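To start, the structure itself, in structure tokens.
From a predicted model like this one, the values you see are computed outputs, not experimental measurements. First the proteins, then the strands, lettered A, B, ... as listed; each starts at 1.
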Amino acid sequence: MQVRKQFPFATFEPAWQQFWAEHSTFRAANPGEPGSEKPKFYALDMFPYPSGAGLHVGHPEGYIASDLVSRYKRMRGFNVLHPMGWDAFGLPAEQYAVQTGTHPRETTAKNIANFRRQIDAIGFSYDWSREINTTDPAYYKWTQWIFLQLYHRGLAYVSHAPVWYCPALGTVLANEEVLTTDEGPRSERGNHPVERRPLRQWMLRITAYADRLLADLDGLDWPESLKEMQRNWIGRSEGAEVDFTVLKPVESGTGNGEAIRVMDDKLTVFTTRPDTLFGATYMVLAPEHPLVEKVTIADRFAEVKAYREAVANKSDLERTDLAKTKTGVFTGGYAVNPVNGAEIEIWIADYVMMGYGTGAIMAVPAHDERDHQFARKYHLKVIEVVKAPASAGDVACFAGNGTAINSGFLDGMPTPEAKARMIDWLEEKGVGKRRVQYKLRDWLFSRQRYWGEPFPIVWQGEDHEPLPETELPLLLPELADYAPSPEGHAPLAKAVDWVNLPDGRVRETNTMPQWAGSCWYYLRYCDPHNAARVIDPAIERYWMGDRGIDLYIGGAEHAVLHLLYARFWHKVLFDLGVVSTPEPFHKLVNQGMILGEDHRKMSKSWGNVINPDDVIAEYGADSLRLFEMFMGPLEQMKPWSTKGIEGVYGFLGRVWRLVMEEDQEGRWHFAPAKVSADEPAPETLRAVHAAIAKVTDDIDKLKFNTAISALMVLVNDLTKLPARPRAALEKLLLLLSPFAPHMAEELWRVLGHDQTIAYEPWPEADPRLLVQSEVEIVFQVNGKLRGKIVVPADATNEAIEAAARELPAFAEWTAGKTVRKVIVVPRKLVNFVCG
RNA sequence: GCCGGCGUGGCGAAAUGGCAGACGCGACAGACUCAAAAUCUGUUUUACGCAAGUAAGUGUGGGUUCGAGUCCCUCCGCCGGCACCA
């Protein structure tokens with residue numbers, strides 16, 4: 001059954017989309033082109049991976065928001081860069097290729113076409129002449145070029161350290177792509193089990209930028225929670241390295257009292273609490289620590305070996321399970337505490353990780369919860385060296401700041417001072433130094449996949465060398481079979497002719513991870529067709545100068561990975577002089593997830609997925625846009641509601657009928673009788689200007705839901721008028737146009753305009769029309785509302801108080817009481833405090 | 001465990017320390033209609049009351065203030081992140 005439509009969106013929405021495309025309405029002007037004299041505004045969406053499933057209504061939420069801002073900024077006189085593209089390398093297309101033999105290029109092209117169709121139907125104002133695709137050789141040529149710059153700067157290197165390998169996906173994964181789950185470590189993509197394997201890998205030295213990545217967060221207009229996540233991920237700690245001399249008893253097996261010999265080796269630890277060095281009563285090495293074999297005595301060797309083997313077979317989850325009791329083994333070796341010469345035992349335990357600090361710790365069981373647990377279990381000595389402040393209460397193990405005790409020259413010092421003093425002492429004696437430690441690790445940058453950027457690297461034996469830039473792009477070879485080998489050899493190894501060069505050298509067969517293409521795509525949009533350079537400097541300065549991208553909207557799932565990697569590459573490019581700002585994304589907003597109507601996450605398995613195609617067929621693109629912005633704050637998670645979209649659809653119908661009427665045959669026509677040429681009445685004028693002020697202010701703050709509610713208030717007011725002044729209607733359409741651009745364009749034309757509304761100047765609210773001559777003031781007694789009075793807007797405090805005293809309610813509520821104090825807030829309230 | 005964020009009607013939500021619940025949905029009533037739908041106009045936090053009105057009310061308990069949804073502290077719940085990081 002065909003439901004009667006409130007307005008013919010199915011006709012005019014596609015027509016306007018076609019109009020915009022044919023007229024290149026949203027083409028942004030590069031420097032030198034007409035329009036580039038305007039100030040720029042760069043509004044960026046996180047570009048999608050074009051999956052086979054297509055879009056659901058959650059995907060375009062951020063796109064609608066950025067589109068709205070883009071349209072608004074154009075009307076405010078900005079030259080707006082609002083582009084879209086495809087993050088099209090990735091695993092699903094490759095897995096499909098493994099199963100079916102379809103080249104990922106074909107799958108990707110098909111998916112992009114579907115995404116493009118869906119996106120176009122929503123009426124976005126993208127400049128499609130700047131469309132990019134990370135799998136296009138003309139694009140990945142420059143991804144490879146940036147890799148070469150990293151390589152030349154010593155920021156790309158080869159590692160043989162154990163890495164996460166996923167047998168199901170047939171590839172290695174970065175630390176960040178591995179999740180700790182109840183079933184053990186799993187791949188973020190697909191939730192497959194992963195394991196450690198020693199494989200030759202490319203790493204990027206992101207740790208060299210740790211300090212700058214941390215420090216520059218401060219100046220960014222990002223959600224504070226997201227900045228905090230990056231800070232935690234980078235994980236900066238200040239402390240000291242301390243060198244311990246290693247002792248080893250001469251083998252005897254008879255117990256104590258045997259001769260000892262001093263070994264050459266130093267055992268270096270990292271600690272954030274050098275002030276507790278006097279309380280270090282034992283040391284712990286990670287089981288994998290290279291010194292373990294040297295410090296272990298013969299008597300202990302079997303036990304140590306068994307422990308190390310047991311640990312090696314543990315998954316990381318078992319190892320990091322906080323609930324389990326700590327285990328460890330004494331090596332038989334000793335170390336000398338440099339500060340007091342005490343000989344302390346060296347243990348190994350899996351609560352110390354090889355990957356952080358030096359893989360060894362000095363244990364201070366009195367003031368570290370973990371050391372405390374361990375010491376209690378193995379009956380190790382505990383020496384208290386920090387006196388807790390009285391406010392700390394009675395705790396078994398005090399880990400906070402206090403006053404140094406039992407610590408020789410530190411005694412009596414507060415913790416921060418004691419830390420500094422100890423570091424000075426260590427540096428004087430040459431047995432330690434100040435050190436800053438980061439949790440951030442280098443970025444594992446190679447994957448054993450087909451559908452990614454090939455590395456522009458060739459090997460000669462164990463030596464690698466870069467391809468010359470003139471040989472870029474290095475194209476992906478064609479393959480008959482895309483599956484990786486079970487041993488972890490990349491699919492590219494099968495392209496024998498491609499891999500083996502005539503001179504005996506061989507190509508790198510790994511490819512880059514999906515993050516590579518998205519690390520710099522925002523730059524390419526500025527100058528998408530430049531064959532000679534990654535980006536033209538003048539164009540870069542125009543679009544990226546000053547603050548970089550003015551507004552970046554995308555999902556919070558990219559809080560640490562994409563956003564950290566892209567910042568890293570950007571800083572490298574900044575150091576190379578390719579870009580002119582140290583940070584790419586000035587303002588960042590995370591749109592909240594849209595849940596299903598049942599308040600659960602939209603997913604096929606719940607059967608609650610809403611497809612935008614269906615919504616558009618039923619209510620039109622403007623309704624979809626308007627509703628997604630009306631549901632609630634952009635950043636907030638919120639459920640879809642069919643009734644809700646009917647509400648905004650009804651609102652658009654009301655707008656339509658302000659000027660249109662339907663004839664007997666169901667055709668809509670302009671209704672001249674509904675529009676008056678008269679000047680708006682003062683109250684109408686005030687309503688219009690109040691809406692202008694509210695909508696403008698709200699868009700600036702990205703508070704689209706309240707902006708829409710202001711538009712609804714205005715439309716409700718105009719609906720009540722027998723005929724609507726043309727001037728008021730035109731202002732309404734201008735305000736509506738970023739939200740519901742199709743209807744705004746259509747009615748703008750109906751009202752006789754022959755140019756697109758997209759570049760009409762945004763209306764200005766006249767403050768003189770907003771001031772009211774009289775205001776209603778709240779009358780309170782003891783803070784409780786007891787009445788209202790109307791006074792001139794400029795009434796003095798005295799006049800307001802006097803007016804309030806005239807009220808019958810005043811006598812009633814103050815009877816038998818004394819007025820002790822009167823508080824007047826001009827234009828707001830008057831409050832009598834009585835007792 | 002640690003670090004963020006959030007708790008407001010039947011529902012989605014508003015509210016520079018100053019009238020809690022704008023706007024929308026739903027519900028109820030009226031107009032139009034033979035009738036319905038659609039549309040238009042009202043009402044709609046709860047309790048008591050015919051009403052005027054009064055009282056209570058923003059997760060819990062306290063505090064600051066003339067005045068707290070908003071600021072501070074305690075606890076509870078939900079969401080996100082990190083997780084033996086020395």
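For the pair A:Glu228 CD and B:G5 P, the interatomic distance rounds to 9 Å; values are reported in whole Å. Between A:Leu658 atom CG and B:C40 atom C1' the separation is 13 Å, expressed in whole Å. Following rounding to the nearest Å, A:Trp222 (CH2) and B:G81 (P) show an atom-to-atom distance of 17 Å. The distance between atom OH of A:Tyr351 and atom P of B:A83, rounded to the nearest whole Å, is 20 Å. At whole-Å resolution of the value, CG in A:Leu217 and C1' in B:C3 are 15 Å apart. When the P atom of B:A13 is taken as reference, atom CZ of A:Phe704 falls 17 Å away, rounded to whole Å. Between the P atom of B:G67 and the CD1 atom of A:Ile777 lies a distance of 20 Å, rounded to the nearest Å. Atom CD in A:Glu635 sits about 13 Å away from atom C1' in B:C6, given to the nearest Å.
Under 4.0 angstrom from either OP1 or OP2 of B:A13 there lies at least one side-chain N or O belonging to A:Gln636. A close approach under 4.0 Å does occur between a side-chain nitrogen or oxygen of A:Lys720 and OP1 or OP2 of B:G42. For B:A55, the OP1/OP2 oxygens have a side-chain nitrogen or oxygen of A:Arg786 closer than 4.0 Å. Taking only side-chain nitrogens and oxygens, A:Asn705 never comes nearer than 4.0 Å to OP1 or OP2 of B:C23. Phosphate proximity of B:C19 to A:Lys788: absent, as no side-chain N or O sits under 4.0 Å from OP1 or OP2. Between A:Ser641 and the phosphate of B:G24, there is no side-chain N or O to OP1/OP2 separation shorter than 4.0 Å. An OP1 or OP2 oxygen of B:C40 is reached within less than 4.0 angstrom by a side-chain nitrogen or oxygen of A:Arg654. Listed pair A:Lys784 / B:G57 fails the phosphate criterion, with no side-chain N or O lying under 4.0 Å from OP1 or OP2. Between A:Asn716 and B:G24 there is a side-chain N or O to OP1 or OP2 distance below 4.0 Å.
With a 3.5 Å ceiling on both atom-pair distances, the Watson-Crick or G-U wobble partner of B:A31 is B:U39. B:C2 and B:G81 make up a base pair, with Watson-Crick or G-U wobble contacts both under 3.5 Å. Base pairing of B:U8: no nucleotide in any strand meets the Watson-Crick or G-U wobble criterion (both distances under 3.5 Å). For B:C66, the paired base is B:G18 (Watson-Crick or G-U wobble, both distances below 3.5 Å).
Taking a 6.0 Å sphere around NZ of A:Lys601, one finds it holds 12 or fewer heavy atoms contributed by other residues, nucleotides or ligands. Heavy-atom contacts from other residues, nucleotides or ligands closer than 6.0 Å to NZ of A:Lys433 number 12 or fewer.
The side chain of A:Trp813 lies closest to B:U54, out of B:G4, B:U54, B:C23. Relative to the side chain of A:Trp233, the nucleotides B:C79, B:C82, B:A86 differ in distance, and B:C82 lies closest. Candidate nucleotides B:G4, B:G81, B:C82 were compared by shortest atom distance to the side chain of A:Ser225, and B:G4 ranks first. Which of B:C25, B:A14, B:G4 sits closest to the side chain of A:Thr706 comes down to B:A14. Comparing B:C19, B:G24, B:C84 by their nearest atom to the side chain of A:Asp350 picks out B:C84. Residue A:Leu829 places its side chain closer to B:G18 than to any other of B:C82, B:A86, B:G18. In the set B:A86, B:U41, B:C19, the nucleotide with an atom closest to the side chain of A:Thr719 is B:U41. Distance from the side chain of A:Phe630 is smallest for B:G12 among the nucleotides B:A38, B:A86, B:G12.
By the 4.5 Å heavy-atom criterion applied to side chains, A:Ile708 and A:Phe739 are counted as neighbours. In this structure the side chain of A:Leu563 reaches within 4.5 angstrom of the side chain of A:Leu226, judged on heavy atoms.
Distance check on atom P: B:U43 versus B:G81 gives 45 Å, rounded to whole Å. Look at the C1' atom in both B:U65 and B:G17: the space between them is 9 Å, to the nearest Å. Taking atom P in both B:C6 and B:U70, one finds a spacing of 13 Å when rounded to whole Å. Between B:G63 and B:A68, the distance separating the two C1' atoms is 11 Å to the nearest Å. One C1' atom belongs to B:A14, the other to B:G21, and the distance between them is 7 Å to the nearest Å. Distance noted for atom P between B:G61 and B:C75: 15 Å (whole Å). Distance noted for atom P between B:G59 and B:G77: 16 Å (whole Å). One P atom belongs to B:G69, the other to B:C76, and the distance between them is 24 Å to the nearest Å.
Seen from the ring of A:Tyr351, A:Lys326 counts as a face-on cation partner, given the 6.0 Å and 45° thresholds.
To the nearest 0.5 Å, atom CH2 of residue A:Trp668 and atom CD of residue A:Gln6 are 8.0 Å apart.
When heavy atoms are screened at a 4.0 angstrom cut-off, A:Lys703 is found touching the sugar-phosphate backbone but no base atom. Using a 4.0 Å heavy-atom criterion, one finds that A:Val713 contacts the sugar-phosphate atoms exclusively.
The aromatic ring centroids of A:Phe832 and A:Trp813 lie 6.0 Å or more from each other.
Side-chain atoms of A:Glu597 and A:Thr642 include a donor-acceptor pair closer than 3.5 Å.
A distance-only check finds no donor-acceptor pair linking the side chain of A:Arg820 to the backbone of A:Cys834 [under 3.5 Å].
Along RNA chain B, the nucleotide closest to A:Ala556 and the one closest to A:Leu785 are compared, and the more 5′ of them pairs with A:Leu785. When each of A:Phe270 and A:Gln780 is assigned the nucleotide of RNA chain B bearing its nearest heavy atom, the one mapping closer to the 5' terminus is A:Gln780.
Taking 3.5 Å as the limit, the base of B:C19 and the side chain of A:Lys828 contain no donor-acceptor pair of atoms between them. A donor N or O paired with an acceptor N or O is found under 3.5 Å between the base of B:C19 and the side-chain atoms of A:Glu776.
In B:G21 the O4'-C1'-N dihedral to the base is more than 90° from 0, which defines an anti nucleotide.
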